[in-house]
Amino acid sequence: MEIIINGDKILLPESVKTVSDLLSHFQLNNKIAIVEVNLNIINKQDYEITTLSNGDKVEIVHFVGGG
Amino acid sequence: MLKIGPYEFQSRLLLGTGKYPNFDIQKEAVEVSGTEILTFAVRRMNIFEPNQPNFLEKLDLKKYKLLPNTAGATTAEEAVRIARLAKASGLCDMIKVEVIGCPKTLLPDPVETLKAAAILLEEGFIVLPYTSDDVILAKRLQELGCHAIMPGASPIGSGQGIINPLNISLIIEQATVPVIVDAGIGSPADAALAMELGADGVLLNTAVAGAKNPVKMAKAMKLAIEAGRLGYEAGRIPKKRYATASSPMEGMSVV
């Protein structure tokens with residue numbers, strides 16, 4: 001499936017079905033990250049039950065230095 | 001003691017986390033500053049570099065309260081979205097509302113700031129708006145229920161210090177919530193002046209991160225803020241036009 005992550009089109013293997021799979025795929029499971037799918041923020045406890053579909057717009061954000 | 005919403009802090013210095021030369025210097029500067037509140041920005045992650053170092057991961061998060069900002073937002077809607085993302089981390093419920101109205105001066109948009117603050121207060125955030133030094137706007141923000149007011153001393157990162165001490169002191173005089181002077185502080189003298197005017201705290205970033213020696217400057221800011229606060233509490237003498245002798249006039253005939 002192809003989804004848009006942080007503005008870029010990304011082709012994902014069949015095995016990636018949920019937000020949890022997506023984070024594992026990019027080795028981000030242990031990172032402090034926040035995930036938004038089609039403008040809806042996904043709570044951590046819902047990562048495993050939130051399925052992704054072709055064309056979904058996903059944002060993966062984190063905290064960076066700022067004032 | 002500085003009280004913001006339900007939280008209490010010993011330190012009156014709020015420190016930004018941007019633009020340090022490297023993480024080691026930054027970590028030392030943060031420790032030396034004695035700060036208990038660190039600001040952060042929310043940005044897209046580079047998903048292809050999962051092992052990229054992140055300053056947050058180097059911190060003992062039990063020691064600090066995180067104050068994410070909504071920097072990058074130019075509308076209330078964008079600010080609210082960033083604030084919700086920050087809160088979804090589960091690490092914080094304070095938010096520095098920052099809605100920029102002009103890319104050159106980085107001055108805040110008062111209308112959008114007010115709108116964003118109202119929505120976020122409704123949603124239960126602890127709201128600290130970065131605002132201009134407009135006295136009436138500060139009043140409106142505190143009437144909305146904001147937990148602190150953060151007027152800028154001068155444009156962000158400009159190091160110009162407090163351009164309008166009169167406005168800052170009027171904001172402090174009318175305040176029913178803490179006033180934290182945010183942005184534009186350049187030197188320890190600027191920070192001390194903010195505190196002598198009666199500010200409850202100072203938020204700065206570039207003044208430390210951009211100093212030749214950030215660690216020394218972090219210490220200097222800590223001391224300046226403590227000195228300024230003590231001076232404010234002690235109550236300075238009024239200014240007079242002419243001299244008044246410190247030595248007694250009695251017994252002058254020996255000369």
**Student:** Could you check whether any side-chain N or O of A/Asn6 sits under 3.5 Å from a backbone N or O of B/Asn46, counting only pairs where one atom can act as donor and the other as acceptor?
**Tutor:** no
**Student:** Answer with side chain, backbone, both or neither: which region of B/Lys19 has an atom nearer than 4.5 Å to a non-hydrogen atom of chain A?
**Tutor:** neither
**Student:** Please look at B/Ala86 and chain A and tell me whether the side chain, the backbone, both or neither of the residue comes under 4.5 angstrom of a heavy atom of that chain.
**Tutor:** both
**Student:** Determine the minimum heavy-atom distance between B/Ala41 and A/Gly65, stating which atoms define it.
**Tutor:** CB-O, 4.1 Å
**Student:** Taking atom CD1 of B/Ile47 and atom NZ of A/Lys31, what is their separation to the nearest 0.5 Å?
**Tutor:** 13.5 Å
**Student:** Take atom CD in A/Glu48; do more than 12 heavy atoms of anything else shown fall under 6.0 Å from it?
**Tutor:** no
**Student:** Is it the backbone or the side chain of A/Ile10 that comes under 4.5 Å from a heavy atom of chain B, or both, or neither?
**Tutor:** side chain
**Student:** Considering residues, nucleotides and ligands other than B/Glu122, do more than 12 of their heavy atoms fall under 6.0 Å from its CD?
**Tutor:** no
**Student:** Picking from B/Pro50, B/Gly157, B/Gly16, which has the most non-hydrogen pairs under 4.5 angstrom with chain A?
**Tutor:** B/Pro50
**Student:** Can you say whether B/Glu49 sits under 4.5 Å from chain A via the side chain, the backbone, both, or neither, judging by heavy atoms?
**Tutor:** neither
**Student:** With a 4.5 angstrom heavy-atom cut-off, could you sort out which part of B/Ala88 is near chain A: side chain, backbone, both or neither?
**Tutor:** both
**Student:** For B/Leu15, is it the side chain, the backbone, both or neither that has a heavy atom under 4.5 Å from a heavy atom of chain A?
**Tutor:** neither
**Student:** Taking C-beta and beyond as the side chain, do B/Asn54 and A/His62 meet within less than 4.5 Å on heavy atoms?
**Tutor:** yes
**Student:** Nearest 0.5 Å, what's the CG-CZ distance between B/Leu85 and A/Phe63?
**Tutor:** 9.0 Å
**Student:** Please classify the contact between A/Leu39 and chain B as side chain, backbone, both or neither, with a heavy-atom cut-off of under 4.5 Å.
**Tutor:** side chain
**Student:** Please round to the nearest 0.5 Å and tell me the distance separating atom CD1 of A/Ile32 and atom CE of B/Met45.
**Tutor:** 8.5 Å
**Student:** Let's go through B/Arg84 and A/Glu36 carefully: what are the C-alpha distance in whole Å and the side-chain angles of both, what is the deciding distance for salt bridge (charged side-chain N to carboxylate O under 4.0 Å, His left out) to 0.1 Å, and is it a yes or a no?
**Tutor:** CA-CA 10 Å; B/Arg84 287 175 183 156; A/Glu36 196 187 63; over 6 Å; no
**Student:** So which part of B/Tyr20 gets closer than 4.5 Å to some heavy atom of chain A, the side chain, the backbone, both or neither?
**Tutor:** neither
**Student:** Answer yes or no: are there more than 12 heavy-atom neighbours, outside B/Glu31 itself, under 6.0 Å from its atom CD?
**Tutor:** yes
**Student:** Measure A/Ile60 against the heavy atoms of chain B and call it side chain, backbone, both or neither at under 4.5 Å.
**Tutor:** both
**Student:** Sub-3.5 Å donor-acceptor pair from the side chain of B/Arg43 to the main-chain atoms of A/Val64, do we have one?
**Tutor:** no
**Student:** Can you tell me if A/Lys44 has over 12 outside heavy atoms packed within less than 6.0 Å of its NZ?
**Tutor:** yes
**Student:** Would you mind checking which part of A/Glu59 comes under 4.5 Å of any heavy atom in chain B, side chain (CB onward), backbone (N, CA, C, O), both or neither?
**Tutor:** side chain
